[in-house]
A.B. asks: 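Take a look at the following structure, please.
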Amino acid sequence: QQPATDKGQLEDNLSARISSIRYYLYKDNTLVQSGIIDNATDLDTDTHPLSFPKLAFGEYCLGLVANASEEELSDTTTPEALNLNYPGAEQTKDYFTSCYDFTVDCECGYQDFVILRRTQAVTQFQLKQLPKNITGIAVEMHKVAATCQIDTLYKGETIAIVGESGSGKSVTTKAIMGIMAGNGSIDGGSINYTWTDENTGERITKDICQLSEKEMQSEIRGRKIAMVFQDPMTSLNPTMTIGNQIMEPMIHHYNTPKEEAYKKAVELLQLVGITNAEKRMKNYPHQLSGGMRQRIVIAIALSCDPYVLICDEPTTALDVTIQAKILELIQDIQKKKDLSVIYITHDLGVVAKVADYVNVMYAGKIVETGTIDEIFYDPRHPYTWGLLSSMPDLDTDDDELYTIPGTPPNLAHEVKGDAFAPRNKYALNIDLRLEPPMFKVPGSTTHKVASWLMHEKAPKVEMPTELKNRLEKMKKEGVE
């Protein structure tokens, strides 16, 4: 594939090679519009029915067919029927998915094919050079699938979820908060939250997945579960003073009088280590440093006295010295208020300092879970070995940091077998065919690993010698 350099020339070539492109637009598997795209410029406008902004919301599915008449398409009522009955469609899809990287990432959480990217994309279509035996191409938007199972989080405990960027850590916690993107959905499973009623003392359990948006906002979000986001500058409202932003949740959830809310807001600022708290109440976010803004975000999260605090990479945007102070602050507040904390991070150094239990996530699934000691000193999954080997070590003899080969899979396509298999030098043949279940590590009630290497009939594979020596050294010295 080469870049589109001369737009006019490419469009001329496109017209010569492709006589027509039929489009079929579906919503909820129902055909809502169809027609013919005469040339590439038809897509170069946001008002066109196939414009990308409309498709990006994910509730639409688009089928594109080149060089095929209406009579050749026996059934166009659903996307599945279009793809199944279009002559040569399977052959076409197999050809393009095997020969070209035909997908691009979208912020909306879906994947779409390059041909949907309006003018430039359609002009690039002719560069694919359709073989003579391929009569057309059908394109469909795909949903990103992820499955995550996290064991129980008890009062006062800290769970960490670690993994590479794009592994599904933040999406998991956003599902708990009920703030997933508009095109995201929970298709199965449950998120059970249990608390004690303050008035009756009754133990109440509710499945968050079954609650309406109104119930989430009034009962759970902010009151029972709060979240600290990665970038404090984008979490704060630049048009509101710090004081008003801390007071707002108290007034909204509990109808707290302004005088009382103001007093508590000042106390929260003092709790998170902000000096001259009353003066800072009148400041705007841009008037504060990054570390102070993150403290403000933590104060807002604590304003309604939640039981669970979710920290999504709370120190990533901060320098190292401020990071340590923020971690210490969260730990101190956790002890004072007996909070349960969920940490989202890719920094294993942070995990070592704060977590009781660790969940290692890859491609939207937990691949290893256990106590902090089990994950750091007795890891069993090759992916966990890779993460630990990637930690900087001053005592190593290597000139370069270790990196895990390859990249995470594209979840827009179905992953067959173990998602980590293509990057795993210890992969077995079965890894390419079947997804491994969670195996219990002998002698532990908390340590579980999703790897076929844990099967009793699997060959015994030891962790890399260098990593083993490093972990033994860490165990003797203790992780500081």
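Just the heavy atoms: all of them, side chains too, but no hydrogens, waters or symmetry mates, feed the values below. Fair warning: this is a prediction, and the values are worked out from it, not measured in the lab.
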A.B. asks: Nearest 0.5 Å please: distance from the OG1 atom of Thr315 over to the CD1 atom of Ile330.
C.D. replies: 8.0 Å
A.B. asks: Output yes when a side-chain donor or acceptor of Thr345 lies under 3.5 Å from a complementary backbone atom of Asp347, and no otherwise.
C.D. replies: yes
A.B. asks: Test of understanding: with ring-ring contact (aromatic ring centres under 6.0 Å, His included), list the residues that count as partners of Tyr193, not counting sequence neighbours.
C.D. replies: Trp195
A.B. asks: In sequence, state the C-alpha distance, the side-chain angles, and the governing distance for Val441 and Thr446, and then conclude on side chain to side chain contact (heavy atoms under 4.5 Å, CB included).
C.D. replies: CA-CA 8 Å; Val441 175; Thr446 55; over 6 Å; no
A.B. asks: Which pairs with one or both residues in residues 324-334 pass salt bridge (Lys or Arg N to Asp or Glu O under 4.0 Å), sequence neighbours excluded?
C.D. replies: none
A.B. asks: Would you list the pairs meeting salt bridge (Lys or Arg N to Asp or Glu O under 4.0 Å) in which at least one residue belongs to residues 249-261, sequence neighbours left out?
C.D. replies: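 Residue pairs with at least one partner in residues 249-261: there are none.
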A.B. asks: Under the 3.5 angstrom rule, does the side chain of Ser389 hit a backbone N or O of Leu467 as a donor-acceptor pair?
C.D. replies: no
A.B. asks: What's the separation between atom CG in Asn244 and atom CD in Glu248, rounded to the nearest 0.5 Å?
C.D. replies: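 One finds 8.0 Å between CG of Asn244 and CD of Glu248.
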A.B. asks: Hey, can you pull the donor-acceptor pairs under 3.5 Å for the side chains in residues 453-460, sequence neighbours left out?
C.D. replies:
unit_1, atom_1, unit_2, atom_2, d
His455, ND1, Lys457, N, 3.0

A.B. asks: Please determine whether a side-chain nitrogen of the Lys or Arg among Arg423 and Glu164 lies less than 4.0 Å from a carboxylate oxygen of the Asp or Glu.
C.D. replies: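 Counted as a salt bridge, because a side-chain N and a carboxylate O are separated by less than 4.0 Å.
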A.B. asks: Any chance the side chains of Asn359 and Thr369 put a donor and an acceptor closer than 3.5 Å?
C.D. replies: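 On atom types as modelled, these side chains qualify, holding a pair under 3.5 Å.
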A.B. asks: Of all residues at least two apart in sequence or in a different chain, which pass the ring-ring contact (aromatic ring centres under 6.0 Å, His included) check with Phe229?
C.D. replies: none
A.B. asks: Ignoring hydrogens and geometry, is there a side-chain-to-backbone donor-acceptor pair from Asn276 to Lys279 under 3.5 Å?
C.D. replies: no
A.B. asks: Work out which heavy atom in Ala226 is nearest to a heavy atom in Pro306; give both atom names and the distance.
C.D. replies: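 For Ala226 and Pro306, the tightest heavy-atom pair comes out as CB-CG, 3.8 Å.
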A.B. asks: What distance do Cys209 atom SG and Ile176 atom CD1 have between them, rounded to the nearest 0.5 Å?
C.D. replies: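 One gets 9.5 Å once the value is rounded to the nearest 0.5 Å.
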A.B. asks: Using ring-ring contact (aromatic ring centres under 6.0 Å, His included) as the criterion, list what pairs up with Tyr343, not counting sequence neighbours.
C.D. replies: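 For Tyr343, no residue satisfies ring-ring contact (aromatic ring centres under 6.0 Å, His included) once neighbours in sequence are set aside.
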A.B. asks: Just by modelled atom types, is the Asp231 backbone N or O under 3.5 Å from a matching donor or acceptor in the Thr234 side chain?
C.D. replies: yes
A.B. asks: Determine, stepwise, if the pair Asn237 / Thr239 fulfils side-chain hydrogen bond (donor to acceptor under 3.5 Å, both in side chains).
C.D. replies: CA-CA 5 Å; Asn237 188 332; Thr239 66; 2.7 Å; yes
A.B. asks: Keeping to residues at least two apart or across chains, list the salt bridge (Lys or Arg N to Asp or Glu O under 4.0 Å) pairs with something in residues 367-392.
C.D. replies: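 Counting only pairs at least two positions apart or across chains, the salt bridge (Lys or Arg N to Asp or Glu O under 4.0 Å) contacts touching residues 367-392 are Asp378-Arg380.
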A.B. asks: For a quick test of reading the model, state the closest non-hydrogen atom pair linking Pro379 to Thr384 and the distance between them.
C.D. replies: CB-CG2, 3.8 Å
A.B. asks: Once you round to the nearest 0.5 Å, how far does CD1 of Ile159 lie from CD1 of Ile372?
C.D. replies: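 Result: 12.0 Å between the selected atoms.
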A.B. asks: Looking only at heavy atoms, what is the nearest atom pair of Ala352 and Phe376, with distance?
C.D. replies: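 Of all heavy-atom pairs spanning Ala352 and Phe376, the closest is CB-CZ, 3.7 Å.
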A.B. asks: Answer yes if the side chains of Asp312 and Ser170 hold a donor-acceptor pair under 3.5 Å, and no otherwise.
C.D. replies: yes
A.B. asks: Ignoring hydrogens and geometry beyond distance, is a side-chain donor-acceptor pair present between Thr196 and Glu202 at under 3.5 Å?
C.D. replies: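 No, Glu202 and Thr196 have no side-chain donor paired with an acceptor closer than 3.5 Å.
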A.B. asks: Identify all side-chain donor-acceptor contacts of residues 283-302 below 3.5 Å with residues at least two apart in sequence or on another chain.
C.D. replies:
unit_1, atom_1, unit_2, atom_2, d
Asn283, OD1, Arg280, NH1, 3.1
Gln287, OE1, Tyr284, N, 2.7
Ser289, OG, Met292, N, 3.4
Arg293, NH1, Pro285, O, 3.4
Arg293, NH1, Leu288, O, 2.6
Gln294, NE2, Pro314, O, 2.5
Arg295, NH1, Val272, O, 2.7

A.B. asks: Which heavy atom of Cys304 sits nearest to which heavy atom of Met250, and what is that distance?
C.D. replies: SG-N, 3.9 Å
A.B. asks: Among all residues two or more places apart in sequence or in another chain, which pass the side chain to side chain contact (heavy atoms under 4.5 Å, CB included) test with Glu472?
C.D. replies: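 Partners of Glu472 under the side chain to side chain contact (heavy atoms under 4.5 Å, CB included) test: Lys468, Asn469.
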A.B. asks: Evaluate the side-chain proximity of Ile242 to Met281: yes if any heavy-atom separation is below 4.5 Å, no if none is.
C.D. replies: no
A.B. asks: Which pairs of donor and acceptor atoms, one on a side chain in residues 335-342, lie under 3.5 Å apart (sequence neighbours left out)?
C.D. replies:
unit_1, atom_1, unit_2, atom_2, d
Lys337, NZ, Asp305, OD1, 3.4
Ser340, OG, Tyr154, O, 2.8
Ser340, OG, Gly156, N, 3.1

A.B. asks: Donor-acceptor check, side chain of Asp356 to backbone of Glu157, threshold 3.5 angstrom: yes or no?
C.D. replies: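 Side chain of Asp356 to backbone of Glu157, a donor-acceptor pair under 3.5 Å: no, none is there.
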A.B. asks: Which pair of non-hydrogen atoms, one from Trp452 and one from Pro437, has the smallest distance, and what is that distance?
C.D. replies: CH2-CD, 3.6 Å
A.B. asks: Which distance, rounded to the nearest 0.5 Å, do you find between the CD1 of Ile366 and the NE2 of His381?
C.D. replies: 11.0 Å
A.B. asks: Output every pair passing salt bridge (Lys or Arg N to Asp or Glu O under 4.0 Å) with a member in residues 216-230, not counting sequence neighbours, ordered by first then second residue.
C.D. replies: Lys206-Glu219, Glu213-Arg221
A.B. asks: So if I apply the side-chain hydrogen bond (donor to acceptor under 3.5 Å, both in side chains) rule between Glu313 and each of His346, Gln230, Lys169, which one comes out positive?
C.D. replies: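 Testing each of His346, Gln230, Lys169 against Glu313, the sole residue satisfying side-chain hydrogen bond (donor to acceptor under 3.5 Å, both in side chains) is His346.
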A.B. asks: Between Gln245 (side chain only) and Pro238 (backbone N and O only), is there a donor and an acceptor less than 3.5 Å apart?
C.D. replies: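 Such a contact is absent between Gln245 side chain and Pro238 backbone.
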A.B. asks: Is Lys264 close to Met247 at the side-chain level, that is, under 4.5 Å between some pair of heavy atoms?
C.D. replies: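 Heavy-atom side-chain distance check fails, nothing below 4.5 Å.
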A.B. asks: Can you name the residues that form a side-chain hydrogen bond (donor to acceptor under 3.5 Å, both in side chains) with Ser390, not counting sequence neighbours?
C.D. replies: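 Not a single residue meets the side-chain hydrogen bond (donor to acceptor under 3.5 Å, both in side chains) criterion with Ser390.
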A.B. asks: Write down the atom of Met438, the atom of Val367, and the distance for their closest heavy-atom approach.
C.D. replies: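 Heavy atoms of Met438 and Val367 come nearest at CE-C, 4.1 Å.
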